[in-house]
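Presented below is the structure to which this report refers.
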Amino acid sequence: MNKRVIAVIGLGRFGTTVAKAVADLGHEVLAVDVDPDRVQKISPYVTHAVIADSTDEAALQSLSLNQFDAVVVAIGANKQANLMTAMLVEEQGVRRVIAKAQDELQGRLLEKIGVDTVIYPESDMAMRLAQMLTRRHVVDYLQLSAQAGLVEMETPEFLVGKTLKTSGLREKYRLIVAAIRHDENLIVAPDPDIPLAAEDKLIIIGRDDDIHRLENT
Ligand code: ATP
Ligand code: ATP
Ligand code: CA
């Protein structure tokens, strides 16, 4: 395995979960927080755990973050600390910087600073839940771009008994069925000649307007 070396700064719920998950996957993790309790709590799970104020330039420099494959700035509520940390990490020439934003303005600032990837864990999950709660037949939803996404949906009634070949999904809706959830199994790249069952769930990739069109057929 290609072992990665990752640093996580800010050990709230999100940072702690990311740090543990990366370590669980067998990679090296440096976990950093200004709060000694949080550092102590995570230390059994990660390669190194360090108490440091990431807005203190000298302290941050001593971590040699430019040696890491990626640095995750997971400080959330304290926007000033989040932005200052992101800037100092960027200035150290870290290859890949990922930072958590709580709102869109903070996200724009992080992008101006040069952060490679801005993530919005709370609002992303909230948006996804809103879609799941309000869209007919939609079980799950993943936004792929401003105009396109991936949905898991119940098989529309008019498609039950049809095959992908006779469904017209690609021709009439410009939608591709990437997988079918059938009983407990996920059938990836499904056979276009197998009839769809009412209990099947379709995992569809396409433009949002095309997906909406199918949902409302
Ligand atoms: P979550 O939802 O993931 O818990 P949050 O924004 O609510 O996120 P906080 O409790 O704010 O989480 O967690 C951010 C963590 O970042 C805290 O453990 C806090 O001690 C740490 N932190 C804040 N400022 C600094 C700093 N300057 N240097 C290092 N760590 C910091
Ligand atoms: P074509 O010659 O029409 O391009 P093909 O050989 O690429 O077809 P097949 O796998 O034989 O494709 O499928 C025939 C038709 O079945 C496709 O043209 C398409 O309409 C439909 N189809 C097959 N797989 C899918 C899928 N995963 N999602 C949506 N439609 C599909
Ligand atoms: Ca960068």
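This one's a predicted model, so the numbers in the text were calculated from it and none came from an experiment. All ligand and atom numbering here is 1-based and tracks the order in the structure. Quick note: residue numbers are just sequence positions, from 1.
With a 4.5 Å cut-off on side-chain heavy atoms, Ile205 and Leu144 count as touching. A 4.5 Å side-chain heavy-atom check between Leu110 and Asn82 finds at least one atom pair inside the cut-off. Taking the side chain as every heavy atom from C-beta outward, Pro156 and His137 never approach each other to under 4.5 Å. Met153 is listed as a side-chain neighbour of Glu215, based on a closest heavy-atom distance under 4.5 Å.
The ligand atoms of ligand 1 that sit less than 4.0 angstrom from a heavy atom of Gly76 are 6 (O). When each atom of ligand 1 is checked for a heavy atom of Phe14 under 4.0 Å away, the hits are 1 (P), 3 (O). Per-residue contacts place Ala77 under 4.0 angstrom from the following atoms of ligand 1 (heavy atoms of the residue considered): 6 (O), 11 (O). Near Glu122, meaning under 4.0 Å from any of its heavy atoms, are these atoms of ligand 1: 2 (O). Distances below 4.0 Å separate heavy atoms of Ala52 from the following atoms of ligand 1: 28 (N), 29 (C). Residue Ala81 approaches ligand 1 through these ligand atoms, each under 4.0 Å from one of its heavy atoms: 24 (N), 27 (N). Ligand 1 places these atoms under 4.0 Å from at least one heavy atom of Asp53: 26 (C), 27 (N), 28 (N).
Atom 27 (N) of ligand 2 lies below 4.0 Å from at least one non-hydrogen atom of the protein. Protein non-hydrogen atoms do not reach within 4.0 Å of atom 5 (P) of ligand 2.
For atom 16 (O) of ligand 1, the closest heavy atom belonging to the protein is Gly10 CA, 3.3 Å. Counting only heavy atoms of the protein, atom 20 (O) of ligand 1 lies nearest to Asp33 OD1, 2.6 Å. Taking atom 2 (O) of ligand 1 as the reference point, the nearest protein heavy-atom neighbour is Arg13 NH2, 3.4 Å. Looking from atom 30 (N) of ligand 1 to the surrounding protein, the closest heavy atom is Val34 N, 3.3 Å. Protein heavy atom in closest approach to atom 31 (C) of ligand 2: Leu164 CB, 3.9 Å. In terms of protein heavy-atom proximity, atom 22 (N) of ligand 1 is nearest to Ile75 CG1, 4.0 Å.
In the model, Tyr173 has no side-chain atom that pairs as donor or acceptor with a side-chain atom of Ser167 under 3.5 Å. A donor-acceptor pair shorter than 3.5 Å can be found between the side chains of Gln143 and Tyr141.
With respect to the salt-bridge test (charged N to carboxylate O, under 4.0 angstrom), the residues Arg96 and Asp69 do not qualify. Note on Glu28 versus Arg4: no salt bridge recorded, every NZ/NE/NH1/NH2 to OD/OE distance being 4.0 Å or above. By the 4.0 Å N-to-carboxylate-O rule, Lys201 lies too far from Asp140 to be salt-bridged with it.
Thr16 places a side-chain N or O within 3.5 Å of a backbone atom of Gly12 that can act as its donor or acceptor partner. With hydrogens and angles disregarded, no donor-acceptor distance shorter than 3.5 Å links the side chain of Ser43 to the backbone of Ala49. With hydrogens and angles disregarded, a donor-acceptor distance shorter than 3.5 Å links the side chain of Asp56 to the backbone of Ala58.
Residue-environment remark: CD (Glu157) stays at or below the threshold of 12 foreign heavy atoms within 6.0 Å.
The proximity of Arg38 to ligand 1, defined as any non-hydrogen pair under 4.0 Å, is limited to the side chain. Counting heavy atoms under 4.0 Å from ligand 1, residue Lys100 touches it through the side chain alone. In Ser54, the parts holding a heavy atom less than 4.0 Å from any atom of ligand 1 are both the side chain and the backbone. With a heavy-atom cut-off of 4.0 Å, Leu11 touches ligand 1 through its backbone alone.
Between Gln92 atom CD and Glu57 atom CD the span is 7.5 Å, to the nearest 0.5 Å.
Taking a 4.0 Å cut-off on heavy atoms, Leu175 registers as neighbouring ligand 2.
For ligand 2, the polar-atom distance check against Val177 finds a nitrogen or oxygen pair separated by under 3.5 Å.
Between the choices Ala59, Gly12, Pro36, the shortest heavy-atom distance to atom 14 (C) of ligand 1 belongs to Gly12. The heavy atom nearest to atom 8 (O) of ligand 2, out of those in Glu171, Arg170, Lys172, Lys165, is found in Arg170. Looking at Gly168, Ala189, Pro192, it is Pro192 that brings a heavy atom closest to atom 10 (O) of ligand 2.
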